[in-house]
Amino acid sequence: MNSKELPNLAFDQKHIWHPYTSAVNPLPCYEVERAEGVMLELTDGRQLIDGMSSWWAAIHGYNHPHLNTAATQQLSKMSHVMFGGLTHAPAIDLCRKLVDMTPAGLERVFLADSGSVAVEVAMKMAVQYWACQGSPEKHRFISPRNGYHGDTFAAMSVCDPVNGMHSLFNSVLSTQLFAPAPQTRFDQPWNEDDIAPLIELIIAHKHEVAALIIEPIVQGAGGMRIYHPEYLKRCRQLCDEHNILLICDEIATGFGRTGKLFACDHAHISPDIMCLGKALTGGYLTLAATLCSEDVALGVCAGDPGVFMHGPTYMGNPLACSVAIASIELIEKNHWPAQVSEIETVLKQNLLALKSHPAVQDTRVLGAIGVVECKQAVNVAKLQKIFVEQGVWIRPFGKLIYIMPPFIIEPAQLIRLIDAIKLGLDAIQGSAKC
Ligand SMILES: *Cc1c(COP(=O)(O)O)cnc(C)c1O
């Protein structure tokens, strides 16, 4: 059959790459027709409660009138103009808000086009900063294991070297320095031993290290681990003490997800460089930002070449900036703390208990994030099918079944997500290995 005549899903399977899937034997896909609030509607009419916020992004839900209006109003003026030599109110107003709302000291904003690019930009800033201070040997990065920072090359080099999905590229990646992942859980008593290996690593390598890069409080795609704020506090102190920059990757955690506006706020720290993405546009358009301190910005531009050498074609895209402003306006209405806290309560009451399920290794909750870690890697296709049949959208990976729903989800809908997970776990337990 001619490709043009293939039905949609068959064409998709034959011609289109999806994230982290095989071109030969791809996982099944479901075709979405529209989305509204917390619901995804498939082309066959089935309605799914969304447990993923389209990967941490759609915090206000889909098809939101305020975000729609922002996009259409901006569209009637201009969807894009180059950012080299030109500027515009959408970028300016967005950056005003970002400088204002992020932890103290982050004064300069670089608008990037995706989270991975924001991480590349942060790492380039750190390397260029030290080169311009006359310390070009400080070009390596320290990161805790179980991290995830994106899929481009520099970002890959600081992802977990084992589970980071990138071991194939080891020969072309810069070799970075990895500390053990933080072990003390968010609500456990702090254990001083937890920081000892990082101290050792920093002392041994500080002469060659540009920055420590870390996901604050919640390690996302590298294992969905939630750690003690004291660890992050100590990272800040160690970086200050040993002349290393601190990069906090808030791409997943930013904009309220963990119960604080930014996860850094749990530890009351400001990084030297911060990466934002995902929920920045409320899940509408791809946009990310790298913020840095005045010291970093001046340092980067102090020596030769005197400029920061990065400039994406779609930098500061007005359409994306306008929607981001609208998304932040919704955050400023300040309904999110109560919404996230209610989600956290329901998750703690209902999802944590799944720990006693025989298929489950561990359960964890923080803010609007719920994690079920299974004893074995799960069969994604089979679980996904069960979830869709239950009327929910949850996408597991590895051993992890996790949810981070839009903040507007109702408790009854959240319970349906958790019930579906329970049913999925029963199926896992029922078969030898799901
Ligand atoms: C998703 C993510 C990235 C990469 O963002 P993309 O927009 O997918 O490139 C980087 N860091 C963290 C912590 C993330 O969760």
Side-chain angles (χ1 to χ4, degrees), residues 17-21 52-59 102 110-126 141 143-161 163-166 169 173 176 178 181-182 211-227 232 235 246-258 260 262-264 266 271 273-291 310 312 314-315 317 320-321 323-324 327 366-369 371 395 397-398 400 402-404:
W17 292 101
H18 282 266
Y20 313 109
T21 55
M52 306 304 289
S53 299
S54 287
W55 280 337
W56 312 87
I59 53 176
T102 50
F110 188 103
L111 295 168
D113 27 21
S114 75
S116 300
V117 173
V119 170
E120 299 282 325
V121 164
M123 294 174 73
K124 277 175 74 171
M125 279 180 180
F141 292 84
S143 196
R145 287 180 187 269
N146 285 101
Y148 175 78
H149 297 285
D151 297 338
T152 51
F153 274 86
M156 277 199 288
S157 77
V158 287
C159 290
D160 186 283
N163 79 5
M165 310 176 262
H166 303 313
F169 301 100
L173 293 180
Q176 312 294 12
F178 293 97
L212 166 63
I213 178 167
I214 185 166
E215 296 157 276
I217 308 300
V218 179
Q219 295 186 294
M224 296 298 297
R225 302 172 79 262
I226 303 167
Y227 64 85
L232 187 59
C235 287
L246 176 64
I247 303 173
C248 282
D249 178 350
E250 288 256 10
I251 290 168
T253 49
F255 303 103
R257 178 58 65 183
T258 67
K260 301 276 187 191
F262 298 100
C264 283
H266 288 285
I273 304 176
M274 178 190 247
C275 302
L276 297 173
K278 292 200 163 104
L280 176 58
T281 63
Y284 267 53
L285 286 154
T286 176
L287 182 70
T290 307
L291 286 91
H310 208 102
Y314 281 92
M315 188 168 182
N317 177 255
C321 288
V323 179
S327 176
L366 181 70
I369 307 167
V371 184
R395 168 102 175 160
F397 75 87
L400 300 167
Y402 63 110
I403 50 177
M404 57 291 196

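In each ligand, atom 1 is the first atom listed, and ligand 1 is the first ligand listed.
For the pair Arg225 (side chain) and Asn146 (backbone), a donor-acceptor distance under 3.5 Å is absent. Distance alone, capped at 3.5 Å, places no donor-acceptor pair between the Tyr148 side chain and the Gly220 backbone. Side chain of Glu250 to main chain of Cys275: no donor-acceptor pair is present (N/O by atom type, distance under 3.5 Å, no hydrogens or angles). One N or O on the side chain of Ser143 and one on the backbone of Ile213 form a donor-acceptor pair closer than 3.5 Å. Without hydrogens or angle criteria, Ser54 side chain to Ala58 main chain gives no donor-acceptor distance under 3.5 Å. Thr286 contributes a side-chain N or O that, together with a main-chain N or O of Asp113, makes up a donor-acceptor pair within less than 3.5 Å.
Within 4.0 Å of ligand 1, counting heavy atoms only, the contacting residues are Ser114, Gly115, Ser116, Tyr148, His149, Gly150, Glu215, Asp249, Ile251, Ala252, Lys278.
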